[in-house]
Each structure stands twice: as C-alpha cells, then as structure tokens.
Amino acid sequence: MLKFIYFWEYIYYKQNHSQRSNFYGINLDGGAMELTIRKSTFDDLEDIKKIISISRELMIARGNPNQWGKTRPSLEVLINDIEKENSYVCIKDGQVVGCFALVYGEDPTYQEIYQGQWSADLPYWTIHRLGSDGLTCGVGQACFAFAKEQGPYLRVDTHQENTAMIKAIKRAGFKNCGIIFVEDGSPRIAFDFLKK
C-alpha cells in the first residue's frame, strides 16, 4: 500500500505546460521504509554512475548480459538526462539508492510496435534507465508510483532476459503490449499503463 508522506514542491515542465511534483515521498510496507524521489542535479552524478554500475553487474549476474552490457547507458546519456531535467534519484536515509529517467513526449523507438499494440494513442511519459543499489527494497515500486502521478499514460520497455524488471513492471499494473526495437536493433518487451 502506498501512502503520501512528504511534501509537494511544484515546478514548471516546458514539455507539457503543466505543474508537476519535484519531491515525492512514500511509505512502503505500512511505514517500514521511507523513500523520497526528487529531480537529479549534477551533484548526484557520481551516485548515479555508481547505481548504474551496480545495476549492470546485477543484470549480468542474473542472466541478462545484453541489455546494458558493460557500457550502457553512457555517461553522455546520463548527463543529457540531468540537463533536460528528466533524471530522478530515489533517496533513503539521505543516500541515493536508485535512479531513473522519466521523459515526456514521443519516443522514436515506440513508433513501431510488433506482435501487439499500445493501449492508447495519447501523449505519454516513458520510464528509462531504472537502476537500484541492489540492497534497498521498493525502489522500482516507488519509481513507478511517482511516474503514475505525473500523467495518466506511461510506457516502459525492458529486455526479455530482465525477469526481475518484468515482474516489477507487471506488479505495478502495466500491460504487455508487444515488441519494440531499440536503436541497436535488438528487441524489447513493451508495456504501458493507462490510468482509468
């Protein structure tokens, strides 16, 4: 069960000309754990790099060596996320324990979908580059909950070998929509969430 516990600070998003939350907090498991999500700054870059490195290692160890390999996402991509204000960090006890990008607007790799279809042809937010420290429970749940507060329609994709992420996506109520292909031509399972 999710419960709002923190405070709201509103900022102007140029992409869709509406107000969105900059800080978001939830209690997970009846208050046993407090996680806060906020926009990343360049002061967070080293922590983000560490989280991404840990996530790469975890993917490889869990039988998913191809999604991020040893080099993706690149430092350039992470910097670009911060510059465009699409980067977020998940905080527990003052420490960065997770990170992700939340991007509003058309994703080029989602223009074609195979073996299925999207639930709606509406403006959407896409969740990318979700990583955690591998120790803190609830990071994915918190990130998905935060994303759902930003707009009614979300999309996300992941590699077929990323079984942990597939479970987290489905647990968050996303629907399996089909297959998309990313920039290097490799397939990803595509999901979306449409708020009712």
Side-chain angles (χ1 to χ4, degrees), residues 13-16 39-42 44-90 98-132 134 139-140 143-144 146-148 150-151 153-170 172 174-194:
Y13 259 85
K14 288 180 279 188
Q15 295 103 323
N16 67 344
K39 275 188 176 294
S40 307
T41 71
F42 280 104
D44 299 309
L45 186 55
E46 289 304 312
D47 287 328
I48 292 170
K49 286 165 58 180
K50 185 195 299 185
I51 294 292
I52 293 297
S53 178
I54 292 169
S55 296
R56 287 187 193 123
E57 293 172 7
L58 286 171
M59 285 184 191
I60 292 169
R62 293 172 179 168
N64 178 24
N66 300 308
Q67 183 171 354
W68 284 3
K70 295 184 178 180
T71 59
R72 295 185 301 269
S74 68
L75 179 59
E76 180 183 4
V77 167
L78 299 177
I79 290 172
N80 186 59
D81 284 341
I82 296 172
E83 288 178 340
K84 292 189 173 180
E85 299 189 351
N86 294 328
S87 178
Y88 293 83
V89 286
C90 188
C99 61
F100 65 103
L102 186 62
V103 184
Y104 180 79
E106 189 73 23
D107 188 311
T109 64
Y110 290 175
Q111 291 178 355
E112 298 287 339
I113 187 167
Y114 304 87
Q115 300 176 30
Q117 63 183 17
W118 298 111
S119 298
D121 183 17
L122 296 169
Y124 59 89
W125 296 81
T126 304
I127 302 163
H128 283 302
R129 297 176 279 285
L130 174 56
S132 78
V139 171
C143 294
F144 290 131
F146 173 85
K148 289 175 183 179
Q150 308 313 302
Y153 189 39
L154 308 173
R155 292 181 181 179
V156 65
D157 65 85
T158 194
H159 197 281
Q160 64 181 0
E161 295 173 341
N162 195 342
T163 54
M165 184 65 167
I166 291 169
K167 288 177 183 176
I169 290 169
K170 289 182 176 179
F174 284 71
K175 174 188 171 186
N176 187 331
C177 294
I179 304 295
I180 59 100
F181 290 86
V182 294
E183 292 85 351
D184 67 3
S186 60
R188 298 288 187 271
I189 305 173
F191 299 84
D192 69 7
F193 175 88
L194 182 61

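Keep in mind the model is a prediction, meaning the values are calculated, not measured.
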Flag, side chain of Arg56 to backbone of Pro73, donor-acceptor distance under 3.5 Å: yes
Give the C-alpha distance, both sets of side-chain angles, the deciding distance and a yes or no for side-chain contact (heavy atoms from CB on, under 4.5 Å) between Lys50 and Ile54. CA-CA 6 Å; Lys50 185 195 299 185; Ile54 292 169; 4.1 Å; yes
Please walk me through it: do Ile127 and Phe146 pass side-chain contact (heavy atoms from CB on, under 4.5 Å)? CA-CA 11 Å; Ile127 302 163; Phe146 173 85; over 6 Å; no
Considering only heavy atoms from C-beta outward, does the side chain of Phe42 approach that of Glu83 to under 4.5 Å? yes
Which atom pair, heavy atoms only, marks the closest approach of Ile60 to Gly69? CD1-O, 4.0 Å
Just how far is it from atom CG of Leu194 to atom NZ of Lys175, taken to the nearest 0.5 Å? 9.5 Å
Note, Gln67 side chain near Arg188 side chain (heavy atom, < 4.5 Å): yes
Quick check: does any side chain N or O of Thr109 sit under 3.5 Å from a backbone N or O of Phe181, one acting as donor and the other as acceptor? no
Closest heavy-atom pair, Met165 versus Thr158, reported as atoms and distance to 0.1 Å, is CG-OG1, 3.6 Å
Assess whether side-chain contact (heavy atoms from CB on, under 4.5 Å) is satisfied between Thr163 and Asn64, documenting all intermediate values. CA-CA 8 Å; Thr163 54; Asn64 178 24; over 6 Å; no
Considering all heavy atoms of both residues, which atom of Ile180 and which atom of Ala190 are nearest to each other, and what is their separation? CG2-CB, 3.9 Å
Please examine the side chains of Ile82 and Ile48, heavy atoms only from C-beta on, and report whether any two atoms are closer than 4.5 Å. yes
Qualifying residue, where the test is side-chain contact (heavy atoms from CB on, under 4.5 Å) with Tyr153 and the options are Phe193, Tyr124, Trp125: Tyr124
Side-chain heavy-atom pair Asp107, His128 within 4.5 angstrom cut-off: yes
More than 12 heavy atoms of other residues, nucleotides or ligands under 6.0 Å from CD of Glu161: yes or no? yes
From Met59 CE over to Asn66 CG, what is the distance, rounded to the nearest 0.5 angstrom? 11.0 Å
Across all chains, not counting sequence neighbours, the salt bridge (charged side-chain N to carboxylate O under 4.0 Å, His left out) partners of Asp81 are Arg129
CZ of Arg62: more than 12 outside heavy atoms within 6.0 angstrom? no
Nearest heavy-atom neighbours spanning Leu102 and Gln150: CD2-CG, 3.5 Å
Check whether any side-chain heavy atom of Val103 sits under 4.5 Å from a side-chain heavy atom of Lys84, and report yes or no. no
Contact between Val89 and Thr41 at the side-chain level, heavy atoms closer than 4.5 Å - yes or no? no
To the nearest 0.5 Å, what is the distance between CG on Asp192 and OG on Ser119? 3.5 Å
Could you tell me which non-hydrogen atom of Ile51 sits nearest to which non-hydrogen atom of Cys99, and how far apart they are? CG2-SG, 3.6 Å
All heavy atoms of Cys143 vs all of Leu130, minimum pair found to be SG-CD1, 3.5 Å
Kindly check if the number of other-residue, nucleotide or ligand heavy atoms within 6.0 Å of CG (Asp184) is above 12? yes
Taking side chain as C-beta onward, heavy atoms only, is Cys177 less than 4.5 Å from Ile113? yes
Are any non-hydrogen side-chain atoms of Phe144 and Leu154 less than 4.5 angstrom apart? no
Decide yes or no on side-chain contact (heavy atoms from CB on, under 4.5 Å) for Ile169 and Ile189, but give the supporting numbers first. CA-CA 11 Å; Ile169 290 169; Ile189 305 173; over 6 Å; no
Donor-acceptor contact present, side-chain Ser40 to main-chain Ser87, <3.5 Å: yes
If you measure from CG on Leu78 to CZ on Arg72, what distance do you get to the nearest 0.5 Å? 13.0 Å
Return the set of residues passing side-chain hydrogen bond (donor to acceptor under 3.5 Å, both in side chains) with Asp157 (not counting sequence neighbours), or none when no residue passes. Tyr110
Which residues pass the salt bridge (charged side-chain N to carboxylate O under 4.0 Å, His left out) test with Lys49, sequence neighbours left out? Glu46
